[in-house]
Amino acid sequence: MPELPEVETTRRGIVSMAQAQPLVEMTVRERRLRWPIAPTLPSALAETTLVDCHRRGKYLLMRFDPAGTLLVHLGMSGSIRTVPVDSLWRAHDHVQWHFANGTCLRYHDPRRFGAIIWHPAAAGQATEHPLLARLGVEPFDAAFTVDHLLAGLKGKKVAIKQALLAGHIVVGVGNIYASESLFRARVHPQQAAGEVSKPQAARLVVAIRETLTDALDSGGSTLRDYVNSSGEPGAYFTLHAAVYEKQDKPCPVCERKIRRVVQGQRATYFCPGCQRLRKPNPARKTANNPKKP
DNA sequence: CTTTAACCCTGGAGGC
DNA sequence: TGCCTCCAGGGTTAAA
């Protein structure tokens with residue numbers, strides 16, 4: 001289940017293995033991903049060089065000069081790993097990029113929720129693509145501030161957990177890290193987004209960054225060669241999960257039983273002791289905004 | 001506009 | 001042992 005840290009680790013692996021490499025051949029064995037891979041894609045990439053690989057949210061932006069940019073999403077079961085040249089295709093290996101230095105990158109995705117989309121524009125202009133246009137700010141960007149978060153949550157009745165998960169305010173907070181970040185920030189996942197206070201929002205900004213940083217650091221140490229290995233993806237995260245999939249287990253802070261609820265058809269885990277519902281205070285709001293109808 | 005739910009897909013777990 | 005059902009996940013899309 002690739003979340004932002006795994007995507008970033010994959011990006012770093014791609015850069016270290018194949019940056020500045022001319023493409024020898026792109027092979028497509030299975031076109032039926034989330035959207036079908038265009039049959040013309042391999043020929044469009046002929047005679048190009050992978051000059052860089054960026055990341056936007058959970059999208060990888062592989063820039064092939066001079067043709068354009070390949071948007072790659074790993075969905076929930078996708079991975080990109082190196083394989084030896086001419087190695088056998090395993091089940092669910094769908095795409096391969098063979099580079100001049102001998103590196104072969106294999107796209108593997110059992111559930112085919114991922115996507116490989118061709119965008120004939122440079123990576124710098126790839127934000128114009130409809131799939132990237134509405135993404136929120138990067139969690140490690142300076143633009144991800146308390147005020148930005150509060151502005152995004154303002155007036156929203158949806159639960160804070162779902163607001164974070166939607167990715168319109170900040171990207172990279174998947175289902176696992178949403179629960180973990182809210183726990184760290186001591187914010188109840190079912191609290192209305194618009195009722196999140198400034199101190200709560202401030203804690204969330206810090207908590208989201210810390211949660212992602214911790215996972216990324218773990219990935220960096222235990223999955224240093226993530227792209228260049230056949231190890232178990234995602235296995236490291238459970239070592240650090242305080243609440244995710246820990247229902248009925250004691251909270252590491254207060255030892256109350258972790259609860260599991262469903263929000264938007266997705267599981268949420270939280271500690272009923274540490275994460276309290278904050279009571280709304282409508283009187284204060286109207287007093288500060290007398291002009292609002 | 002906002003909010004909710006269905007959908008895409010397969011592997012694994014649990015029930016019988 | 002096998003067959004059935006359910007669940008997990010991201011994110012787009014359609015519907016309310």
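Note that these values count all heavy atoms, side chains included, but never hydrogens, waters or copies made by symmetry.
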Query - First of A:Val262 and A:Gly57 reached from the 5' end of DNA chain C, by closest nucleotide - result: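 Of the two residues, A:Val262 wins.
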Could you check how far [atom1] of [X] sits from [atom2] of [N], rounded to whole Å?
| X | N | atom1 | atom2 | answer |
| --- | --- | --- | --- | --- |
| A:Ile37 | B:dC8 | CD1 | P | 19 Å |
| A:His129 | C:dT12 | NE2 | P | 11 Å |
| A:Asp109 | B:dC9 | CG | C1' | 9 Å |
| A:Arg134 | B:dT2 | CZ | C1' | 13 Å |
| A:Arg111 | C:dG11 | CZ | C1' | 15 Å |
| A:Lys161 | B:dT4 | NZ | P | 13 Å |
| A:Leu60 | C:dG11 | CG | P | 12 Å |
| A:Leu132 | C:dG11 | CG | P | 11 Å |

Query raised in the report: How many angstroms lie between atom OG1 of A:Thr213 and atom CD of A:Glu210, to the nearest 0.5 angstrom?
Result: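 It is 7.5 Å, given to the nearest 0.5 Å.
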Counting any heavy atom closer than 4.0 Å, what does [X] reach on the DNA or RNA strands: base, sugar-phosphate only, or nothing?
| X | result |
| --- | --- |
| A:Gly264 | nothing |
| A:Leu165 | nothing |
| A:Arg112 | sugar-phosphate |

Query raised in the report: For A:Glu138 and A:Arg56, what are the C-alpha separation, side-chain angles and deciding distance, and is it a salt bridge (charged side-chain N to carboxylate O under 4.0 Å, His left out)?
Result: CA-CA 8 Å; A:Glu138 288 290 327; A:Arg56 181 72 179 92; 2.9 Å; yes
**Report entry** Identified side-chain contact (heavy atoms from CB on, under 4.5 Å) counterpart of A:Leu41 within the set A:Leu70, A:Val95, A:Val28
**Finding:**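 Among A:Leu70, A:Val95, A:Val28, the one meeting side-chain contact (heavy atoms from CB on, under 4.5 Å) with A:Leu41 is A:Leu70.
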Report task. Output yes when A:Arg209 and A:Asp141 qualify as a salt bridge under the 4.0 Å nitrogen-oxygen rule, no when they do not. Result ->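 Salt bridge: no.
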Query raised in the report: With the threshold set at 4.0 Å, does a side-chain nitrogen-carboxylate oxygen contact exist between A:Asp147 and A:Lys198?
Result: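 Between A:Lys198 and A:Asp147 there is a salt bridge, with a charged N closer than 4.0 Å to a carboxylate O.
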What's the closest nucleotide to the [X] side chain, out of [options]?
| X | options | value |
| --- | --- | --- |
| A:Gln265 | C:dG11, C:dT12, B:dA5 | B:dA5 |
| A:Phe113 | B:dT4, C:dG10, B:dG11 | C:dG10 |
| A:Lys58 | C:dG10, B:dT4, B:dC9 | C:dG10 |
| A:Ala267 | C:dG10, C:dA8, C:dT12 | C:dA8 |
| A:Lys157 | C:dG10, C:dT12, B:dT3 | B:dT3 |
| A:Pro110 | B:dT3, C:dG10, B:dG11 | B:dG11 |
| A:Arg266 | B:dT3, C:dG10, B:dT10 | C:dG10 |

Query raised in the report: Are OP1 or OP2 of C:dA8 and a side-chain N or O of A:Tyr269 less than 4.0 angstrom apart?
Result: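 For C:dA8, OP1/OP2 do not have a side-chain N/O of A:Tyr269 under 4.0 Å.
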Query raised in the report: Counting only side-chain N and O atoms of A:His92, is one of them less than 4.0 Å from OP1 or OP2 of B:dT10?
Result: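 No.
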**Report entry** A:Phe64 side chain near A:Pro22 side chain, heavy-atom distance below 4.5 Å
**Finding:**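 SC-SC contact between A:Phe64 and A:Pro22 ruled out.
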Query raised in the report: On DNA chain B, nearest-nucleotide positions of A:Arg32 versus A:Lys156: which is more 5'?
Result: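 Looking at DNA chain B, the more 5' nearest nucleotide goes with A:Lys156.
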